[in-house]
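Take a look at the structure below.
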Amino acid sequence: MTKEQLIALLNDMSLEEKVNQMSQVIGGFFDDDTVITGPMAEMGFTEENIELSGSVIGSMGAETVKKIQKSYMEKHPHHIPLLFMLDIINGYKTVFPIPLGQGATFEPELSEKCAAVAAKEASVSGLHVTFAPMTDLVRDARWGRVMESTGEDPYLNGLFCESMVKGFQGENLSDEYKIAACVKHFAGYGAPTAGRDYNTVELSEHTFREFYLPSYKAGIDAGAALVMTSFNTVNGIPATGNKKLMRGILRDEMGFDGVLISDWAAIEETIYHGYCADKEDAAIRAVEAGVDIDMMTGIYCDNLCRLVREGKIPESLVDECCMRILELKNKLGLFENPYKDADEEKEQQLILCKEHRELAREAARKSFVLLKNEEQILPLDKTKKTAFIGPYVNSRNLMGSWSIIGEAKDITTVEETMAVEEAGNNVVCCQGSPMLGAEVILEGFTEENQATYTPEEEAKMLEEALEAAKKADQVVLFIGEDRLQSGEATSNATIQIPQIQQNLLERVAEINENIAVVLFSGRPLDLRDVQVKAKAILEVWMPGTEGARAITDVLYGRYNPTAKLPMSFPYCVGQVPVHYNEYATGRPHVEGKDKDRFRSKYLDIPNAPLYPFGYGLSYTTFTVSEVSLDKDSMKDGESIQAAVTVKNTGTCAGTETIQLYLHDFAASVVRPVKELKDFRKVTLQPEEEARVEFTITEPQLRFLSENHIFESEAGVFEVFIGTDSTTANKAKFTLEKQ
Ligand code: GLC
């Protein structure tokens with residue numbers, strides 16, 4: 001439709017029709033095959049609300065969606081098509097690594113491919129919108145939703161957010177196999193006080209703008225069609241009713257003109273925050289903030305028509321929101337083809353096809369971070385007797401908790417992979433322990449997710465495992481968090497592997513010292529004890545549909561690990577929030593270098609995380625030369641070439657991620673000790689070396705200055721180039737101003 005036609009349509013719609021376009025309901029009102037992803041409080045939706053609703057959450061499947069769309073449009077007075085939306089966070093049916101694992105690839109273009117496959121599978125299943133990418137910056141491993149983020153760095157998060165938006169949306173939303181992306185959660189949701197989900201966010205304006213906002217902007221600049229409000233307050237005002245945030249920053253400053261959708265029930269929750277007096281007030285605040293769609297509360301339906309008729313809000317506010325929704329439907333081509341790509345035949349052909357599975361396997365391999373590898377115990381020596389032990393040996397639950405469409409039946413376990421594809425590798429498999437002990441209660445999760453065993457069964461599986469460990473030359477322990485222990489509403493004050501698995505590790509370590517740990521987690525964990533007992537640790541996150549095959553690819557050296565940590569692994573939970581790009585403080589502490597008591601440090605633990613941002617080992621080794629600069633000063637508009645020579649000094653081919661960090665020595669607002677500004681992946685054969693070059697430009701030196709604008713200031717800078725954020729390999733240069 002043309003803009004004029006859309007305007008004519010809007011003008012012909014009744015107030016009820018316009019208001020109900022702004023309301024999203026679960027598909028269950030139309031069809032009982034619905035995925036529910038939020039609290040199902042008493043919904044006050046009327047028959048009319050259902051018949052006039054603008055969008056649906058939770059329905060999928062070409063046949064289902066076409067059936068709903070057809071009957072809905074026949075009844076609708078203007079036959080306006082529904083939008084079908086769903087959380088397709090890291091894949092549809094073909095499930096990719098969780099976003100935190102994707103961040104570890106340091107390969108945004110790979111995530112773009114994964115998002116494109118997810119969009120293809122979702123679109124043929126009738127979906128139009130995904131509630132992704134989530135790009136909340138994270139620094140606190142107690143918060144279970146770190147698994148949905150790509151980590152602690154604004155620059156890296158921005159690259160991934162942009163790539164995922166492009167992967168989902170392509171060039172035109174109406175193109176085949178493209179769906180609309182929704183950047184979330186705006187804004188600052190990743191910084192809840194004490195790491196407790198939905199808790200208060202208290203950030204200075206400076207920190208908010210310098211660290212937390214940039215990646216949302218990257219997604220918006222990439223053309224994201226939607227943004228989702230966050231549950232939290234920003235400066236004491238719930239984001240969902242926060243006019244300064246939504247109209248001032250999101251729309252006016254960032255130029256976002258797409259659809260703003262509330263998070264699940266977030267409009268109603270402005271009441272529970274103590275911001276809105278009642279539902280009428282909540283409706284007013286949200287619509288004045290420019291929230292276009294009310295997800296699952298009915299507050300817009302129940303109040304906006306009356307508020308307009310009572311003159312409490314101008315109808316123009318409703319028209320503005322409704323027009324943005326109609327424009328989104330129009331961009332998707334739904335007025336011409338309300339079924340878009342929904343196609344039962346293509347569902348059969350495309351979903352979980354070989355090509356998609358291969359991409360999932362590649363993405364998984366590239367997400368695994370080798371944290372330790374003493375005595376080169378990895379890759380495994382096939383001639384040695386090996387015991388694979390742990391609850392993840394025979395678990396199909398390798399998908400992150402937001403893999404709501406992925407099915408365990410489509411996943412091959414490690415044990416099955418060993419039997420079919422790695423036969424003859426001198427390996428015995430034993431579960432060894434349950435995933436979780438009886439003391440761990442996953443509130444609100446359906447019980448089938450927690451297998452239960454009698455004490456006798458537990459004792460038997462442990463005995464078998466210890467027997468196998470005794471006979472083996474080496475043990476690989478497949479352990480970690482249950483998939484449901486990270487994700488929404490899964491904050492934890494302890495961030496260690498489940499106690500029952502800790503016991504397994506201890507018992508195995510008593511009888512076999514050659515232990516490699518394959519660690520499954522949705523968040524950084526406290527690995528102090530694991531590190532002591534294991535000679536090798538491979539962090540595999542929640543690796544997705546092809547996780548098991550990808551793990552054996554790495555364990556047997558078919559793929560040499562390349563990933564780097566996108567989020568620091570703290571020494572212990574007492575250290576969080578911990579992140580590499582911190583400020584120096586007036587009393588910086590240098591480990592082991594100062595005996596002065598009065599330094600910024602702990603008495604009982606080191607300042608440094610156990611494993612830092614940007615860290616990850618390879619099966620080979622690399623050296624990096626000193627940093628060379630083609631000049632030691634530059635002016636605005638100029639640039640400096642920085643370079644290092646990287647050499648593969650090991651015995652097998654490998655890929656290293658060379659990272660460039662900048663540090664501004666003195667500025668009108670203090671600057672982080674390091675900021676990631678660029679990185680390059682370089683693949684080298686043994687003894688091969690390569691020159692890796694970077695161009696440093698003035699825009700990379702800009703920051704939010706005391707003038708409250710992003711600008712650079714003259715002065716001395718350090719440029720660090722190395723293989724993780726602790727690199728001391730540096731050179732200095734000066735920025736001169738006219
Ligand atoms: C949830 C999440 C949000 C998700 C939405 C719809 O509460 O916070 O990320 O997209 O509801 O499922």
Side-chain angles (χ1 to χ4, degrees), residues 23-29 34-41 43 53-60 83-92 98-100 115 118 122 127-138 143-150 161 164-165 168 179-192 196-199 201 215-216 219 224-234 238-240 258-270 272-273 291-297 400-406 443-445 484 486-491 522:
S23 168
Q24 178 168 89
V25 298
I26 49 164
F29 288 117
T34 292
V35 169
I36 293 175
T37 54
M40 280 297 289
M43 298 292 152
S53 170
S55 60
V56 165
I57 174 175
S59 290
M60 84 287 314
L83 280 169
F84 288 87
M85 305 192 187
L86 190 68
D87 295 280
I88 302 148
I89 308 298
N90 44 264
Y92 182 70
I98 54 173
L100 195 59
L127 287 155
H128 307 135
V129 175
T130 176
F131 297 127
M134 182 272 217
T135 190
D136 302 317
L137 185 131
V138 290
W143 191 52
R145 297 195 77 164
V146 300
M147 55 80 71
E148 286 177 76
S149 169
T150 47
C161 188
M164 291 174 179
V165 167
F168 287 126
I179 60 177
C182 176
V183 168
K184 70 184 185 183
H185 306 79
F186 199 79
Y189 179 36
R196 203 177 76 226
D197 206 356
Y198 317 122
N199 203 2
V201 168
S215 60
Y216 301 113
L226 297 95
V227 166
M228 181 183 290
T229 71
S230 59
F231 288 123
N232 54 283
T233 53
V234 174
T240 306
V259 170
L260 179 60
I261 185 169
S262 79
D263 201 339
W264 187 293
I267 291 180
E268 181 162 338
E269 291 172 9
T270 57
Y272 313 136
H273 274 287
V291 178
D292 299 312
I293 297 179
D294 165 14
M295 186 190 293
M296 280 306 293
T297 75
S401 57
W402 271 111
S403 311
I404 52 182
I405 308 305
E443 295 280 339
F445 294 94
L484 295 176
S486 58
E488 185 169 358
T490 62
S491 298

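When a ligand or atom number is given, it counts from 1 through the structure's own listing order.
Among Met295, Met85, Glu488, the residue whose heavy atom lies nearest to atom 1 (C) of ligand 1 is Glu488.
Side chains of Ile89 and Ile404 form no contact here, defined as non-hydrogen atoms less than 4.5 Å apart.
Under 4.0 angstrom from ligand 1, the non-hydrogen atoms of Arg145 all belong to its side chain.
Not a single heavy atom of Met134 lies less than 4.0 angstrom from ligand 1. Under a 4.0 angstrom heavy-atom cut-off, Leu86 registers as lying outside contact with ligand 1. Judged by the shortest distance from any of its heavy atoms, Tyr189 lies outside the 4.0 Å radius around the atoms of ligand 1.
Not a single donor-acceptor pair under 3.5 Å links the side chain of His273 to the backbone N or O of Asn232. No side-chain donor-acceptor contact under 3.5 Å links His185 to the backbone of Thr229. Panel note: side chain Thr297, backbone Ala265; no donor-acceptor pair is recorded below 3.5 Å. Under the 3.5 Å distance criterion, the side-chain polar atoms of Tyr216 are matched with a main-chain donor or acceptor of Gly188. In this structure a side-chain-to-backbone donor-acceptor pair under 3.5 Å is present from Ser149 to Asp136. Checking side-chain atoms of Lys184 against main-chain N and O of Ser230 turns up no donor-acceptor pair under 3.5 Å. Proximity of a side-chain donor or acceptor of Ser262 to a complementary backbone N or O of Met295 within less than 3.5 Å is detected.
Classified by interplanar angle (parallel below 30°, tilted 30° to 60°, perpendicular above 60°), the ring pair Trp143/Tyr189 is perpendicular.
Between Glu148 and ligand 1, no N or O atom pair is found at a separation short of 3.5 Å. The distance criterion of under 3.5 Å between nitrogen or oxygen atoms is met by Asp87 with respect to ligand 1.
Against a heavy-atom cut-off of under 4.0 Å, Trp264 is close to the following atoms of ligand 1: 7 (O), 11 (O). Within ligand 1, counting atoms from 1 as listed, the ones closer than 4.0 Å to a heavy atom of Phe231 are 7 (O), 8 (O). In summary, the atoms of ligand 1 found under 4.0 Å from a heavy atom of Phe131, numbered by their order in the structure, are 10 (O). Residue-ligand proximity, His185 to ligand 1, at heavy-atom distances under 4.0 Å covers atoms 3 (C), 8 (O), 9 (O). Interface of Lys184 with ligand 1, defined as ligand atoms under 4.0 Å from a residue heavy atom, comprises 3 (C), 4 (C), 9 (O), 10 (O). Under a 4.0 Å criterion applied to the non-hydrogen atoms of Asp263, ligand 1 contributes the atoms 1 (C), 2 (C), 3 (C), 4 (C), 5 (C), 7 (O), 8 (O), 11 (O). Ligand 1 places these atoms under 4.0 Å from at least one heavy atom of Ile57: 6 (C), 12 (O).
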